[in-house]
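Shown next, in structure tokens, is the structure this report addresses.
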2 protein chains.
Amino acid sequence: MDVEHQRMYQYYSEVCKAMSNPQRLAIIDILRQGEVPVGNLAEQLGRSISNTSQHLAVLKSARLVKCRKEGTTCYYSVSTPAIFKAFDCMAQIIFDGMTDRAEHREYLKSQVLV
Amino acid sequence: MDVEHQRMYQYYSEVCKAMSNPQRLAIIDILRQGEVPVGNLAEQLGRSISNTSQHLAVLKSARLVKCRKEGTTCYYSVSTPAIFKAFDCMAQIIFDGMTDRAEHREYLKSQVLV
DNA sequence: CATATATTTGCGATAATTCTAAATTACATG
DNA sequence: CATGTAATTTAGAATTATCGCAAATATATG
């Protein structure tokens, strides 16, 4: 494994790490709605604005989200649709990893609510 | 955000966490070759068998890889091709996150070596 | 300036990560 | 059965990360 590759894996791992938190995945999922202000996100998450902002900062430093300022409001959105694709891959991986029909049923039930 | 969703995000985050390590991403990348014995993986990674085995254990507990035993040898492979899809999403996300042409060129150069 | 919206900072507590080295298990074969 | 090969597991140690809260600090607007 050469140095170029190592650096590449390093980058990838940072993206994964940014995504490896339920709260932040929830944020990404909410951002399917499009641009959403921090306060709105916080409300949907049931968390404080401060806390939400901190998670957004993590996502931003991994370049997963971007924000647009309008007045005092910050509208957040994902930086690329590929993030939703990655999200959906996670769903696929978990679905494929399930062993029996009961698990699948249970899982699909939760998906309907999205 | 209801309980069902929280659990779902929890699952997803565990998959992400398993992938959020350069060493393990390297393993996944090597597994594009198909079934690979632990010793062989260790050699390609330039790490000890013990260390490699531990990373494999992490991947296995997240159900990202499976192994088939044949004699004293354990052949590892990914549990679903969706894992490669997720990997490739990471590549896409990073590519999309790059701002200038120089970065893109640099990145593509490293990809040629895969 | 006061208000609304976000961000940042400074903790503190807890828990996770990663590696090495050594012990252990599992299996095949002479 | 003894030995060697392949892999896993355990233990430990050092380092580092995570997460949330509360308070302080921006930033823009009327």
Side-chain angles (χ1 to χ4, degrees), chain A residues 1 6-7 9-28 30-31 35-79, chain B residues 1 6-7 9-28 30-31 35-79:
Chain A
M1 196 175 46
Q6 272 183 324
R7 198 176 45 177
Y9 296 135
Q10 183 64 45
Y11 283 150
Y12 291 11
S13 74
E14 276 154 24
V15 171
C16 290
K17 199 172 289 180
M19 289 182 72
S20 62
N21 172 284
Q23 201 71 15
R24 290 196 288 274
L25 287 171
I27 287 175
I28 290 171
I30 291 173
L31 291 182
E35 282 190 327
V36 183
V38 179
N40 193 322
L41 275 166
E43 199 180 2
Q44 294 195 51
L45 293 167
R47 295 284 172 133
S48 71
I49 289 185
S50 167
N51 181 267
T52 304
S53 178
Q54 281 175 71
H55 280 299
L56 284 166
V58 173
L59 291 171
K60 195 156 67 178
S61 83
R63 302 211 246 193
L64 300 191
V65 301
K66 56 179 195 266
C67 82
R68 182 178 63 84
K69 232 170 172 173
E70 198 180 304
T72 60
T73 306
C74 276
Y75 293 90
Y76 274 87
S77 56
V78 297
S79 62
Chain B
M1 194 176 48
Q6 273 183 327
R7 199 174 47 175
Y9 296 136
Q10 183 63 47
Y11 283 151
Y12 291 12
S13 74
E14 275 154 25
V15 171
C16 289
K17 198 173 288 180
M19 288 183 73
S20 62
N21 171 284
Q23 201 72 16
R24 290 196 287 275
L25 287 170
I27 287 175
I28 289 171
I30 291 172
L31 291 182
E35 283 190 325
V36 183
V38 179
N40 192 322
L41 276 167
E43 199 179 4
Q44 294 195 51
L45 293 167
R47 296 283 172 136
S48 70
I49 288 183
S50 167
N51 181 265
T52 303
S53 178
Q54 282 177 72
H55 281 300
L56 284 166
V58 173
L59 291 172
K60 195 157 67 177
S61 84
R63 303 211 247 191
L64 300 190
V65 301
K66 57 178 194 267
C67 81
R68 181 178 63 83
K69 234 170 170 172
E70 197 181 304
T72 60
T73 306
C74 278
Y75 293 89
Y76 274 86
S77 56
V78 297
S79 61

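Sequence lines set the chain letters: A, B, ... in the order given, protein chains first and strands last, and positions in each chain run from 1.
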Distances for protein N or O near nucleotides 8-16 of chain C N or O, under 3.5 Å:
from, atom 1, to, atom 2, distance (Å)
C:dT8, O4, A:Ser50, OG, 3.0

Quiz prompt | Distance, rounded to the nearest Å, where A:Glu35 contributes CD and C:dT5 contributes C1' | solution = 16 Å
Exercise. May I have the distance from B:Arg68 (atom CZ) to C:dA26 (atom P), rounded to whole angstrom?
Key: 20 Å
Practice problem: Any chance you could measure A:Glu35, atom CD, to A:Cys74, atom SG, to the nearest 0.5 Å? | Solution: 10.5 Å
Practice problem: Could you please spell out the steps behind the side-chain contact (heavy atoms from CB on, under 4.5 Å) verdict for A:Arg68 and A:Ser77? | Solution: CA-CA 8 Å; A:Arg68 182 178 63 84; A:Ser77 56; over 6 Å; no
Quiz prompt | Rounded interatomic separation in angstrom, taking OH from B:Tyr75 and P from D:dT8 | solution = 13 Å
Exercise. Would you kindly give the CG-to-C1' distance between A:Leu45 and D:dC21, to the nearest whole Å?
Key: 17 Å
Quiz item: CG/A:Asn51 to CG/A:Leu41 distance, rounded to the nearest 0.5 angstrom?
Solution: 11.5 Å
Quiz item: Atom CG of A:Leu56 and atom P of C:dT7: how far apart are they, to the nearest Å?
Solution: 7 Å
Quiz item: On DNA chain C, nearest-nucleotide positions of A:Val38 versus B:Pro22: which is more 5'?
Solution: A:Val38
Quiz item: Which value, rounded to the nearest 0.5 Å, describes the distance between A:Leu56 atom CG and A:Leu31 atom CG?
Solution: 7.5 Å
Output one line per pair: protein atom, nucleotide atom from nucleotides 28-30 of chain C, and distance, for all N/O pairs under 3.5 Å.
none

Practice problem: Tell me which nucleotide among D:dA6, C:dA6, D:dC19 gets nearest to the side chain of A:Arg24. | Solution: D:dC19
Quiz item: Going from OG on A:Ser13 to CD on B:Gln23, what distance comes out if it is rounded to the nearest 0.5 angstrom?
Solution: 11.0 Å
Practice problem: Considering just the side-chain nitrogens and oxygens of B:Asn21, establish if one lies under 4.0 Å of OP1 or OP2 belonging to C:dT17. | Solution: no
Quiz item: Reckon A:His55 has a side-chain N or O less than 4.0 Å from the OP1 or OP2 of D:dT18?
Solution: no
Quiz item: Among all residues two or more places apart in sequence or in another chain, which pass the side-chain hydrogen bond (donor to acceptor under 3.5 Å, both in side chains) test with B:Gln6?
Solution: none
Practice problem: Whole angstrom is fine here: how far is it from CD in A:Glu14 over to P in D:dT16? | Solution: 15 Å
Self-check item: Separation between CZ of A:Arg24 and CD1 of A:Ile28, rounded to the nearest 0.5 Å
Solution: 8.5 Å
Quiz prompt | Among A:Asn21, A:Val15, A:Ile27, A:Val78, side chain to side chain contact (heavy atoms under 4.5 Å, CB included) partner for A:Leu59 | solution = A:Ile27
Practice problem: Quick one: pull up CE in B:Met19 and NZ in A:Lys17 and give me the separation to the nearest 0.5 Å. | Solution: 13.5 Å
Exercise. Using whole Å, report how far CD1 of A:Ile49 lies from C1' of D:dC19.
Key: 18 Å
Exercise. Using atom CD of A:Glu43 as one end and atom P of C:dA4 as the other, report the distance to the nearest whole Å.
Key: 16 Å
Quiz item: Given C:dT5, is OP1 or OP2 found less than 4.0 Å from the side-chain N or O atoms of A:Tyr76?
Solution: no
